[in-house]
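Please read the structure below before turning to the comments.
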Amino acid sequence: MQKHELLAEVDVLLGGRAAEQVFIGEISTGASNDLERATDIIKAMISMYGMSEIAGLMVLEKQRNVFLNGGQTIKDYSDKMAESLDDYVKKTLDERYKGVLETLSAYKGAIETMVSALYEEETI
């Protein structure tokens, strides 16, 4: 997958949580798995795919397949690098979430119109 595709997947995963905030005004535990998956994608972009300025082209995690015990991930970086990775993951997730919130807010009226139509027609 290309970087923009991975980031789009992150946006989709953040969409449920953002929708709760925009349309209900309160968040729930419902998006916990989506948040975990979005975090994992950003981490993989940095540590395995070389898609950040933090690690550059360095591969920081390696997947080792062990026949009966399943796969293992081997991390090969310093505590200082781990701190930079954490900061980058948080910053990226915050930026993506802000963008998703802005998009949902901008199209809130259209989304509410579609929801009303779905309640009446059941399909659009």
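Computed over heavy atoms, backbone and side chain alike; hydrogens, waters and symmetry mates excluded. Please read these numbers as outputs of a predicted model, since none were measured by experiment.
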For this session: Can you run down the side chain to side chain donor-acceptor pair (under 3.5 Å) pairs that involve residues 18-30, sequence neighbours left out, and say none if there aren't any?
Result: E20-S28, Q21-Y97
Problem set entry | side chain to side chain contact (heavy atoms under 4.5 Å, CB included) against Q2, all qualifying residues, sequence neighbours excluded | H4, E5
For this session: Determine the minimum heavy-atom distance between R17 and L35, stating which atoms define it.
Result: NH1-CD1, 3.1 Å
Problem set entry | Residue list, side chain to side chain contact (heavy atoms under 4.5 Å, CB included) with A82, at least two apart or on another chain | Y77
Seminar exercise, completed: Those residues at least two apart in sequence (or on a different chain) that pass salt bridge (Lys or Arg N to Asp or Glu O under 4.0 Å) with R96 are D11
Below 3.5 Å, can you tabulate the donor-acceptor pairs from side chains in residues 98-105 to any protein atom, sequence neighbours excluded?
unit_1, atom_1, unit_2, atom_2, d
T103, OG1, G99, O, 3.0
S105, OG, L101, O, 2.9

For this session: Please say whether more than 12 non-hydrogen atoms of neighbouring residues, nucleotides or ligands are located less than 6.0 Å from CZ in F23.
Result: yes
Exercise. Is it true that atom CD1 of I24 has more than 12 heavy atoms of other residues, nucleotides or ligands lying nearer than 6.0 Å?
Worked result: yes
For this session: Looking only at non-hydrogen atoms, find the nearest pair between M45 and K3 and report the distance.
Result: CE-CG, 3.6 Å
Exercise. Could you walk me through whether Y49 and L6 pass the side chain to side chain contact (heavy atoms under 4.5 Å, CB included) check?
Worked result: CA-CA 11 Å; Y49 308 142; L6 292 168; 4.2 Å; yes
For this session: Grab the two heavy atoms, one from L60 and one from A55, that are nearest each other, plus how far apart they are.
Result: CD1-CB, 3.6 Å
For this session: Just jot down the side-chain hydrogen bond (donor to acceptor under 3.5 Å, both in side chains) partners of S116, sequence neighbours excluded, or say none.
Result: none
For this session: Just grab all the salt bridge (charged side-chain N to carboxylate O under 4.0 Å, His left out) pairs involving residues 38-53, residues at least two apart or on different chains.
Result: none
Problem set entry | Euclidean distance, I41 CD1 relative to L7 CG, rounded to 0.5 Å | 9.0 Å
Exercise. Is there a chain of hydrophobic side chains (I, L, V, M, F, W, Y, each step under 4.5 Å between heavy atoms) that links V59 to I46?
Worked result: no
Problem set entry | Rounded distance [0.5 Å steps], CD1 in I111 versus CG in L118 | 12.0 Å
For this session: Nearest 0.5 Å please: distance from the CD1 atom of I27 over to the OG atom of S32.
Result: 11.0 Å
For this session: State the CD1-CG distance between I42 and L85, to the nearest 0.5 angstrom.
Result: 12.0 Å
Problem set entry | Those residues that, when tested against D34, pass salt bridge (Lys or Arg N to Asp or Glu O under 4.0 Å) (two or more places apart) | R37
Exercise. Are L13 and M1 in one and the same hydrophobic cluster, where Ile, Leu, Val, Met, Phe, Trp and Tyr link if side-chain heavy atoms are under 4.5 Å apart?
Worked result: yes
Problem set entry | Those residues that, when tested against E112, pass side-chain hydrogen bond (donor to acceptor under 3.5 Å, both in side chains) (two or more places apart) | none
Which atom pairs, donor and acceptor, lie under 3.5 Å between side-chain atoms of residues 88-95 and protein residues at least two apart or in another chain?
unit_1, atom_1, unit_2, atom_2, d
K90, NZ, D94, OD2, 2.8
T92, OG1, Y88, O, 2.8

